[in-house]
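Shown next, in structure tokens, is the structure this report addresses.
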Amino acid sequence: MAQQDGHGHFDTSKPHTLEGLLVIDFTHVLSGPTCTRMLADAGARVIKIERPGKGDDTRQMGPFAKDGTSEYYRFANLGKESIALNLKDPDDMALVRAMIAKADVVVENFRPGVMARLGLDPEKLVEQHPRLIVCSISGFGQYGPMHDQAAYDTVIQALSGIMDSTGFPDGPPTRVGTSISDIGAGIFGYAAIVTALYARERTGKGTTVDVAMLDSTFALLEHGLMDALGVHVRPKRLGNRHPFITPFDTFQCSDVLLAIAVGNDHLFRALCNTLGLRDLPGDARYATNEARSENNVSLKVAMEGVLKTDTATAWRAKLEAAGVPVGIVLNVDDTRRLEQIAARGMVKQVDGYDVPGNPMKFGRYNSMGTAIPSPELDNRGRAIRAEFAPHVAR
């Protein structure tokens with residue numbers, strides 16, 4: 001029975017956007033599995049090919065649930081089927097080719113050249129199967145002087161500029177607190193596949209897709225790129241402060257930090273009235289955004305002198321009432337308990353485990369994503385062999 005939620009986003013009887021698509025998933029760890037998990041959330045059938053005996057590396061990575069299963073693996077592989085295949089075995093490879101012949105999409109995140117050495121070169125696959133979309137996700141892409149280098153998220157964060165831009169001016173470059181390079185590449189991979197699927201509907205032609213973690217992370221650096229590419233200055237770390245808008249930062253209250261984002265003069269006046277600093281908007285040092293940015297240090301001192309007299313919760317309520325964008329800096333364990341997160345279905349249960357919900361909400365289509373748990377190794381191996389074996393050339 002569909003849950004009556006007023007907006008229909010919890011209605012699991014609605015069709016999925018990508019149902020009927022078959023995806024063959026050669027991915028492992030995080031960037032590729034993020035992409036194929038999103039495809040599974042959209043209703044595609046995703047068959048994950050894993051190594052016999054061991055499977056995806058993340059099966060051995062923590063944190064681990066009480067039953068010993070990996071949460072890392074669970075989060076990245078919801079909604080998929082698993083088959084264990086030896087890609088060096090001729091019989092298993094014959095099955096792989098039979099699966100690809102029936103597939104709409106193939107996704108892989110091996111190092112460049114591995115698929116070709118396996119006899120599954122993406123360009124040749126598309127030549128053989130003209131409607132097929134083959135997405136390759138890698139650290140540096142399929143060409144360029146660094147294309148064959150190994151990469152993990154932290155390496156890409158270091159090279160991309162995002163690590164150097166994160167942290168406070170008097171501190172060292174700092175890794176972003178999530179695997180942003182892996183996840184970003186996975187999201188760009190998903191977007192590219194959906195784009196290619198739409199093009200295929202118009203033209204009947206599939207394509208290869210080449211997504212690099214370095215490209216994806218570089219593309220996210222809007223402020224740094226405005227400096228480096230636009231005005232040709234070397235960006236510097238600013239901590240939590242916005243580089244071009246002030247006050248747009250975190251501020252210490254009597255207990256915890258409060259994020260305040262003031263994007264125009266109207267909001268600045270509302271902020272100052274709420275804090276009892278009514279003279280500041282008329283002060284030449286703070287009358288415009290440019291002036292406030294030049295005098296951000298003294299402005300922050302003045303604001304924190306007032307904010308430290310009460311709790312972040314109390315100030316948040318007052319500032320929200322005045323229309324000032326504001327939020328308490330929370331630990332993710334606090335965020336997941338927010339009523340807003342619950343109302344948006346951003347934590348759901350699959351097979352008795354809490355997992356992240358689907359951030360994309362549709363009016364006519366399923367917004368809850370997959371209800372299929374991440375698979376045990378080779379959980380569908382026998383059934384998949386029986387399904388595709390008749391198509392293996394004898």
Side-chain angles (χ1 to χ4, degrees), residues 23-41 46 48-50 56-59 61 70 72-73 75-78 80 105-118 120-123 133-167 172-196 207-226 228-229 235 237 356 359:
V23 179
I24 308 303
D25 179 0
F26 291 91
T27 70
H28 56 285
V29 189
L30 189 54
S31 62
T34 295
C35 174
T36 51
R37 186 209 68 222
M38 293 179 70
L39 292 167
D41 256 338
V46 179
K48 183 178 178 71
I49 296 174
E50 300 192 70
D56 193 317
D57 286 344
T58 56
R59 289 186 181 273
M61 296 180 185
S70 166
Y72 198 138
Y73 180 85
F75 279 26
N77 292 283
L78 291 166
K80 304 177 186 180
V105 179
V106 171
V107 187
E108 60 94 6
N109 67 326
F110 296 121
R111 287 174 68 172
V114 170
M115 286 288 279
R117 290 195 292 274
L118 291 169
L120 300 172
D121 180 88
E123 291 188 0
I133 292 159
V134 183
C135 178
S136 299
I137 301 174
S138 61
F140 300 96
Q142 301 301 303
Y143 57 88
M146 300 175 71
H147 80 279
D148 60 352
Q149 293 187 21
Y152 278 92
D153 180 87
T154 296
V155 172
I156 299 298
Q157 288 203 31
L159 286 168
S160 67
I162 199 169
M163 186 179 289
D164 187 69
S165 69
T166 305
T174 303
R175 177 185 178 274
V176 175
T178 188
S179 297
I180 189 68
S181 297
D182 273 318
I183 294 170
I187 294 171
F188 276 114
Y190 174 83
I193 289 168
V194 173
T195 302
T207 184
T208 58
V209 174
D210 176 3
V211 173
M213 293 166 63
L214 180 61
D215 297 355
S216 300
T217 312
F218 184 76
L220 296 175
L221 298 176
E222 88 285 19
H223 294 149
L225 294 177
M226 289 175 193
L229 299 180
R237 286 188 297 284

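Quantities reported herein were computed from a predicted structural model and do not represent experimental measurements.
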Handout entry: Minimum heavy-atom distance Ala192-Val211, with the two atoms named
Key = CB-CG2, 4.5 Å

Practice task
Without swapping roles, check the side chain of Glu108 against the backbone of Ser136 for a donor-acceptor pair under 3.5 Å.
Solution key: no

Fill in the blank from the handout: Value for OH (Tyr143) from CG (Asp210), rounded to nearest 0.5 Å, stands at 6.0 Å

Problem - Distance, nearest 0.5 Å, that separates CG of Leu159 from OG of Ser181 - result: 9.5 Å

Handout entry: Considering all heavy atoms, the nearest Gln157-Thr178 contact
Key = NE2-O, 3.2 Å

Practice task
Flag the pair Pro173 / Thr166 as yes when at least one side-chain heavy-atom distance between them is below 4.5 Å, and no otherwise.
Solution key: no

Exercise for the section: Side-chain contact test, heavy atoms from C-beta onward, threshold under 4.5 Å: evaluate it for Leu39 versus Ile193 and give yes or no. Expected result: yes

Fill in the blank from the handout: Of all heavy-atom pairs linking Arg175 and Met163, the shortest is N-CG, 3.9 Å

Exercise for the section: Just do the side-chain contact (heavy atoms from CB on, under 4.5 Å) check on Leu221 and Ile162 with the steps written out, would you? Expected result: CA-CA 7 Å; Leu221 298 176; Ile162 199 169; 3.6 Å; yes

Handout entry: Closest contact, heavy atoms only, Ala219 versus Phe188
Key = CB-CZ, 4.4 Å

Exercise for the section: Using atom types as modelled and distance alone, determine if a side-chain donor or acceptor of Ser179 lies under 3.5 Å from a backbone N or O of Asp182. Expected result: no

Handout entry: Polar side-chain atom of Gln142 near backbone of His147 as donor-acceptor pair, under 3.5 Å
Key = no

Handout entry: Side chains of Leu30 and Asp153 in contact at under 4.5 Å (non-hydrogen atoms)
Key = no

Handout entry: His28 backbone acceptor or donor facing Asn109 side chain under 3.5 Å
Key = yes

Practice task
For residues Lys80 and Arg37, determine if any side-chain heavy atom of one lies less than 4.5 Å from a side-chain heavy atom of the other.
Solution key: yes

Exercise for the section: Compare all side-chain heavy atoms of Asn77 with those of Tyr72 and state whether any distance is below 4.5 angstrom. Expected result: no

Practice task
Please say whether more than 12 non-hydrogen atoms of neighbouring residues, nucleotides or ligands are located less than 6.0 Å from CZ in Phe75.
Solution key: yes

Practice task
Side-chain contact test, heavy atoms from C-beta onward, threshold under 4.5 Å: evaluate it for Thr36 versus Tyr190 and give yes or no.
Solution key: no

Completion exercise
On a heavy-atom basis, the closest approach of Ile137 and Ser31 is CG2-OG, 3.7 Å

Exercise for the section: Mark yes or no for whether Ser70, through its side chain, and Thr58, through its backbone, hold a donor-acceptor pair below 3.5 Å. Expected result: yes

Fill in the blank from the handout: Test side chain to side chain contact (heavy atoms under 4.5 Å, CB included), reference Val106, set Leu120, Thr208, Ile133, Ile24, output is Ile24

Exercise for the section: For the pair Arg237 (side chain) and Asp164 (backbone), establish whether a donor and an acceptor sit closer than 3.5 Å, ignoring hydrogens and angles. Expected result: yes

Practice task
Could you grab the distance from atom CZ of Phe140 to atom CG of Asp215, nearest 0.5 Å is fine?
Solution key: 10.0 Å

Exercise for the section: Find out whether Val23 and Val107 are in side-chain contact, i.e. whether some heavy atom of one side chain is under 4.5 Å from a heavy atom of the other. Expected result: yes

Fill in the blank from the handout: Taking every heavy atom of Gly224 against every heavy atom of Pro235, the minimum-distance pair comes out as O-CG, 3.6 Å

Exercise for the section: Decide yes or no on side-chain contact (heavy atoms from CB on, under 4.5 Å) for Phe218 and Leu225, but give the supporting numbers first. Expected result: CA-CA 8 Å; Phe218 184 76; Leu225 294 177; 3.4 Å; yes

Practice task
Indicate yes or no: at least one non-hydrogen side-chain atom of Phe26 is less than 4.5 angstrom from one of Lys48.
Solution key: no

